[in-house]
Amino acid sequence: MGRLSYDGVEKLEIDDRALAHLQLVIGSKLRRGESFLFTWRPDTSLGGGRVSVWMHPHASLVFRFAGSRPPRINRAWAEAMMNAANSPAGLSLVPEPPEPTPGAASGESSL
């Protein structure tokens, strides 16, 4: 399990594969100077509920991965998360869609 730490206070524990996709989306948004909300549901052992943080280019973020190998990126999943991040509701961890079959036509990417 990896961990995303935000300003040293809020922490999200999540598997490395999902964390790599979040890092790609969050990094893309912040590199462009775009601020946005990121919302997740903490584990019930931590009280459950919902946490929302305002992501901005000056936020202190740490992406800590449990494993040493970067996972393969599912472009469809990253694009689904980017679409969420660009919406008024902000970024949330959406379910991973199936990867497109090789040779399938793909549209222009927002990443």
Side-chain angles (χ1 to χ4, degrees):
M1 292 291 274
R3 180 183 299 163
L4 168 63
S5 299
Y6 179 85
D7 278 342
V9 179
E10 290 298 333
K11 294 177 177 62
L12 166 64
E13 292 201 11
I14 190 167
D15 70 75
D16 279 4
R17 181 165 168 74
L19 184 59
H21 286 77
L22 285 171
Q23 181 182 31
L24 177 66
V25 171
I26 292 169
S28 294
K29 295 281 289 177
L30 297 180
R31 197 172 17 261
R32 290 182 239 170
E34 299 174 9
S35 299
F36 58 98
L37 275 175
F38 174 40
T39 301
W40 70 88
R41 294 176 190 256
D43 190 88
T44 54
S45 67
L46 301 172
R50 184 178 68 214
V51 175
S52 292
V53 295
W54 184 246
M55 297 291 216
H56 58 91
H58 302 290
S60 173
L61 296 171
V62 176
F63 296 87
R64 182 177 180 95
F65 294 89
S68 59
R69 292 180 164 190
R72 191 170 47 99
I73 296 298
N74 176 342
R75 190 162 192 81
W77 195 13
E79 288 179 0
M81 282 194 232
M82 183 60 81
N83 289 337
N86 290 333
S87 75
L91 176 61
S92 61
L93 188 60
V94 300
E96 182 173 7
E99 293 189 61
T101 56
S106 63
E108 188 174 317
S109 170
S110 61
L111 296 177

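Taking the side chain as every heavy atom from C-beta outward, Val51 and Tyr6 never approach each other to under 4.5 Å. The shortest distance between side-chain heavy atoms of Ile14 and Trp40 does not fall below 4.5 Å. Residues Asp7 and Val53 are not in side-chain contact: their nearest non-hydrogen atoms beyond the backbone lie 4.5 Å or more apart.
The distance from atom CE of Met82 to atom OG of Ser28, rounded to the nearest 0.5 Å, is 4.0 Å. Note that CG of Asn86 is 11.5 Å distant from CD of Glu79, once rounded to the nearest 0.5 Å. Atom CD of Glu13 sits about 11.0 Å away from atom CZ of Arg64, to the nearest 0.5 Å. Atom CZ of residue Arg3 and atom NZ of residue Lys11 lie 6.5 Å apart, to the nearest 0.5 angstrom. The CZ atom of Arg69 sits 12.5 Å away from the CG atom of Asp16 when rounded to the nearest 0.5 Å.
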Item to check | Derivation and outcome, side-chain contact (heavy atoms from CB on, under 4.5 Å), residues Leu37 and Leu91 | outcome: CA-CA 6 Å; Leu37 275 175; Leu91 176 61; over 6 Å; no
Next on the checklist: Evaluate Met81 against Leu24 for side-chain contact (heavy atoms from CB on, under 4.5 Å), listing each step before the verdict.
Outcome noted: CA-CA 10 Å; Met81 282 194 232; Leu24 177 66; over 6 Å; no
Checklist entry - Going through the checks in order, is the side-chain contact (heavy atoms from CB on, under 4.5 Å) test met by Leu4 and Val62? => result CA-CA 6 Å; Leu4 168 63; Val62 176; over 6 Å; no
Item to check | Asn74 vs His21, side-chain contact (heavy atoms from CB on, under 4.5 Å): CA-CA, chis, key distance, verdict | outcome: CA-CA 8 Å; Asn74 176 342; His21 286 77; 3.7 Å; yes
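For the pair Val94 and Trp77, the tightest heavy-atom approach, listed with the atom from each and the gap, is O-NE1, 2.8 Å. When all heavy atoms of Pro42 and Gly49 are compared, the pair lying nearest together is CD-O, 3.5 Å. Across all non-hydrogen atoms, the minimal contact from Ala78 to Val25 is O-CG2, 3.5 Å. Between Ser92 and Ala84, the shortest heavy-atom contact is N-CB, 4.3 Å. The two residues Phe63 and Leu22 have their closest heavy-atom pair at CE2-C, 4.4 Å. Closest approach of Ser52 and Thr39 over heavy atoms only: OG-OG1, 2.6 Å.
No donor-acceptor pair closer than 3.5 Å links the side chain of Asp15 to the backbone N or O of Met1.
In this structure, the side-chain contact (heavy atoms from CB on, under 4.5 Å) partners of Ala20, at least two apart in sequence or on a different chain, are Phe65, Pro71, Ile73.
With salt bridges taken as basic N to acidic carboxylate O contacts below 4.0 Å, none links Glu99 and Arg75.
For residues 87-98, the pairs satisfying salt bridge (charged side-chain N to carboxylate O under 4.0 Å, His left out) are Arg17-Glu96, with sequence neighbours left out.
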